[in-house]
Amino acid sequence: MRYSKKLGQCFLRDKNIVKKAVDAAQLNEEDRVLEIGLGKGILTRELAERANKVYVIELDRRLEPFAREITSRYDNVEVIWGDALKVDFSTLDFNKVVANLPYQISSPITFKLLRHGFDLAVLMYQYEFAKRMVAKKGTGSYGRLSVAIQYYADVEFICKVPPQAFFPRPKVYSAIVKIVKKRPEDMLPLEDPTFFEDLLRALFQHKNKTVKRALLDSAHEIGLEEKELKEVLEGLDFNLKERVFKLGVEDIVNLSNLLYRRIKNRV
Ligand code: SAM
């Protein structure tokens, strides 16, 4: 079989890494797990051994022989043929997610999962992406992705994975990340999630600038002219002289709510 680069087909071959990922998911026999990307099923088998149910979404029909082999052995595995970005997750009854993700869809699939909800996910990403996900404020990797993810979830770096753990070998290192979705009552209240997303884009286009400069330089991202935004910022109860990359998630949520209220109440 020719491996498709476009589909991110780097299959895990190192059983220790498979075990590490599945261990991090702390599976019990009641868990219903979603896996994205069957591949040859190295991870699926381990999940089927430990969980109550495994849903696995796979786009490439050429992998059908591997799917048949697995479903003939494990009656708790259900294969869904299709694009994980298009499958309606509400038709699948899962509480955990474990996957060696096709790296091309890392970002959209992670946000789709976060929006849908789950208890815990253990996911493999490209190393640099994983570093950005877990980065703390004030560090070099901290950015829009860090804030957007950490708003929804607690994230933990599990381990770095070398290229030789896969076949074919990817060019870069990978990493396993554990994501624990926050309960709705533990999430910081947001006046308007879309405004928060726009604000993140505006701020982190200039992450080394002060908050004020960054906002004025990206006023269009939040739908205002620079002049209008200047007025909105006047007397705002927020330290606008702080550098963007030093703002924590809570600071940005606070700024988002303050700004949103001011903009909405303008005459
Ligand atoms: N889980 C297997 C393993 O660890 O060896 C395969 C992982 S491989 C990195 C990613 C898998 O996702 C491939 O089998 C690929 O065909 C599949 N895939 C790629 N894009 C997909 C998509 N949009 N929806 C569902 N599966 C996809």
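Remember, it's 1-based here, ligands and their atoms both numbered in the order they're listed.
Annotation: atom 27 (C) of ligand 1 to nearest protein heavy atom, L59 CB, 3.8 Å. Remark: minimum distance from atom 19 (C) of ligand 1 to any protein heavy atom is reached at L7 O, 3.1 Å. For atom 1 (N) of ligand 1, the closest non-hydrogen atom on the protein side is G37 O, 2.8 Å.
Enclosure of atom CG in D237 is not indicated, since only 12 or fewer non-hydrogen atoms of other residues, nucleotides or ligands lie within 6.0 angstrom.
In this structure, the ring of F94 has its center less than 6.0 angstrom from the ring center of H116. Aromatic ring centres of F196 and Y151: separated by under 6.0 Å. Taking the six-membered ring for Trp and the full ring otherwise, Y260 and F195 have centroids separated by under 6.0 Å. If you look at F167 and Y3, their ring centroids are closer than 6.0 Å.
Comparing E58, Q9, Q104 against atom 14 (O) of ligand 1, the shortest heavy-atom distance belongs to E58. The residue among L38, L43, I42 with a heavy atom at the shortest distance from atom 2 (C) of ligand 1 is L38. The closest non-hydrogen atom to atom 21 (C) of ligand 1, taken over A84, P102, S174, comes from P102.
Atoms of ligand 1 lying under 4.0 Å from any heavy atom of L12, numbered from 1 in the order shown and given with element: 3 (C), 4 (O), 5 (O). If you number the atoms of ligand 1 from 1 as listed, the ones under 4.0 Å from a heavy atom of L63 come out as 14 (O). Each of the atoms 8 (S), 9 (C), 10 (C) of ligand 1 lies under 4.0 Å from some heavy atom of G8. For ligand 1, the atoms closer than 4.0 angstrom to any heavy atom of D83 are 22 (C), 23 (N), 24 (N). Residue-ligand proximity, I57 to ligand 1, at heavy-atom distances under 4.0 Å covers atoms 25 (C), 26 (N).
A heavy-atom separation below 4.0 Å is found between E35 and ligand 1. Taking a 4.0 Å cut-off on heavy atoms, G82 registers as neighbouring ligand 1.
Between the side chains of Q126 and S174, not a single donor N or O lies within less than 3.5 Å of an accepting N or O.
Looking at I105 against ligand 1, only its side chain comes within 4.0 Å, counting heavy atoms.
Looking at L85 next to ligand 1, no N or O pair under 3.5 Å apart turns up. Ligand 1 has an N or O atom lying under 3.5 Å from an N or O atom of N100, backbone or side chain.
Using modelled atom types, one side-chain atom of R62 and one backbone atom of R2 make a donor-acceptor pair closer than 3.5 Å. In terms of modelled atom types and a separation under 3.5 Å, the side chain of N76 and the main chain of A48 share a donor-acceptor contact.
Contact of the I149 side chain with the V134 side chain is not registered, since no non-hydrogen atoms from C-beta on lie closer than 4.5 Å.
Placement of V97 and F157 within a single hydrophobic cluster is found when ILVMFWY residues are connected by side-chain heavy-atom separations under 4.5 Å, directly or transitively.
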